[in-house]
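Each remark here refers to the structure printed beneath this line.
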Amino acid sequence: CLFDTELHHSRITVAADQSSITSGNGPVSILSHVATAEGRLMWALKLVSNQTCCMVGAVKDEFAGLGGTLQPLGRCIDTAGYGGQHTMLRKNDVISVLADLEDETLRIWVNGKPVLKVFIDGCVRLGLTTWNGSVFEIVDDIDVEDLLQAETTSESDPMQAIVDPESDYS
């Protein structure tokens, strides 16, 4: 997926090729350029700035809160303490996001390490909330099949339990 050129807050600057963004004061959000109710959406984002406050995850396709944070909080990682899966990031970390609507799961890895696996359904877009000059680039050299394979061959799976599928994601 690429960054959408219209579905973002005005304080986010999207590169002409849609492969990188820079945020202004935040929180402000941007969405992927496609939505889907079937198949897969994938982002691999590299944090190239020292500003590490962000939220990354999936939102319903009708999400309109571009001047705020991603909702629902249960479907994102969160470095800013808003209530998503708390995750620490550093400059040059790579965040891989897979929304698999066939399996109804959202998976997120940081530098290849699994950090979130939750139930999703419906039509979704990938989303990113940033603060105060964060810069992200889309990277192409991440193979989601390798990440999934490493997850299934791991002796201890830190993501065994999927969040309650009966939770309200609206």
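Please read these numbers as outputs of a predicted model, since none were measured by experiment.
Between atom CG of residue Asp4 and atom CD of residue Gln18 there is a gap of 7.0 Å, rounded to the nearest 0.5 Å. Between the CG atom of Leu45 and the OG atom of Ser96 there is a distance of 8.0 Å, given to the nearest 0.5 Å. Note that OG1 of Thr87 is 7.5 Å distant from CD1 of Ile108, once rounded to the nearest 0.5 Å. How far CD of Glu38 is from CG of Asp100: 11.5 Å, rounded to the nearest 0.5 Å. The CG atom of Asn111 lies 9.0 Å from the CG atom of Asn92; values are rounded to the nearest 0.5 Å. In this structure, the separation between CG on Leu106 and CD1 on Ile77 is 9.5 Å, given to the nearest 0.5 Å.
Linking ILVMFWY side-chain heavy atoms closer than 4.5 Å, directly or via other members, places Leu116 and Ile120 in a single hydrophobic cluster. Val48 and Val139 end up in different hydrophobic clusters when Ile, Leu, Val, Met, Phe, Trp and Tyr side chains are linked at under 4.5 Å. Following chains of ILVMFWY side-chain contacts shorter than 4.5 Å, one can reach Tyr82 starting from Phe63, so the two form part of one hydrophobic cluster.
For the pair Arg11 (side chain) and Asn25 (backbone), a donor-acceptor distance under 3.5 Å is present. Listed for the Glu102 side chain is a donor-acceptor partner under 3.5 Å among the backbone atoms of Gly39. Ser49 places a side-chain N or O within 3.5 Å of a backbone atom of Val135 that can act as its donor or acceptor partner. The backbone N or O of Thr52 lies less than 3.5 Å from a partner atom in the side chain of Thr79, making a donor-acceptor pair. Checked by atom type and distance alone, the side chain of His86 never pairs as donor or acceptor with a backbone atom of Gly83 at under 3.5 Å.
Screening Cys54, Ser29, Ser23 for a side-chain contact (heavy atoms from CB on, under 4.5 Å) involving Thr129 leaves a single residue, Ser29.
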I would like to know whether Ile30 and His9 meet side-chain contact (heavy atoms from CB on, under 4.5 Å); could you show each step before the answer? CA-CA 7 Å; Ile30 186 167; His9 192 274; over 6 Å; no
Report the C-alpha separation of Lys60 and Gln71 in whole Å, then their side-chain angles, then the decisive distance to 0.1 Å, and conclude whether the side-chain contact (heavy atoms from CB on, under 4.5 Å) test is met. CA-CA 9 Å; Lys60 294 285 189 183; Gln71 297 291 333; over 6 Å; no
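Counting only heavy atoms from C-beta outward, the side chains of Leu31 and Leu66 approach each other to under 4.5 Å. Counting only heavy atoms from C-beta outward, the side chains of Val94 and Val110 never approach each other to under 4.5 Å. By the 4.5 Å heavy-atom criterion applied to side chains, Val124 and Arg75 are counted as neighbours. Taking the side chain as every heavy atom from C-beta outward, Thr130 and His8 never approach each other to under 4.5 Å. In this structure, Leu41 and Leu98 have side chains that are not in contact, with every pair of non-hydrogen atoms separated by 4.5 Å or more. Within the 4.5 Å cutoff, no side-chain heavy atoms of Cys76 are placed close to those of Gln85. Looking at heavy atoms from C-beta onward, Lys46 lies out of side-chain contact with Ile138 at the 4.5 angstrom threshold. Here the side chains of Val34 and Leu2 are not in contact, with every heavy-atom distance at 4.5 Å or above.
The minimum heavy-atom distance between Met55 and Leu70, with the atom names listed, is O-CD1, 3.8 Å. Arg125 approaches Leu7 most closely through the heavy-atom pair CZ-CD1, 3.4 Å. Summarising the geometry of Cys53 relative to Ser134, their closest heavy-atom pair is O-OG, 3.5 Å, with the distance given to 0.1 Å. Closest non-hydrogen pair, Cys1 versus Leu126, comes out as SG-CD1, 4.3 Å. The nearest pair of heavy atoms linking Pro72 to Ala58 is CD-O, 4.5 Å. The minimum heavy-atom distance between Asp78 and Ala80, with the atom names listed, is OD1-N, 2.7 Å.
Under 3.5 Å, the side chains of Asp103 and Thr105 contain no donor-acceptor pair of N or O atoms.
Between Asp93 and Lys113 there is no salt bridge, since no side-chain nitrogen of the basic residue lies less than 4.0 Å from a carboxylate oxygen of the acidic one. Ion pairing of Arg40 with Glu145 is present here, as a side-chain N (NZ or NE/NH1/NH2) and a carboxylate O approach within less than 4.0 Å.
Outside the 6.0 Å centre-distance limit, the rings of Phe136 and Trp131 are not counted as a close aromatic pair. Taking the ring centroids of Trp43 and Phe3, they lie under the 6.0 Å cut-off.
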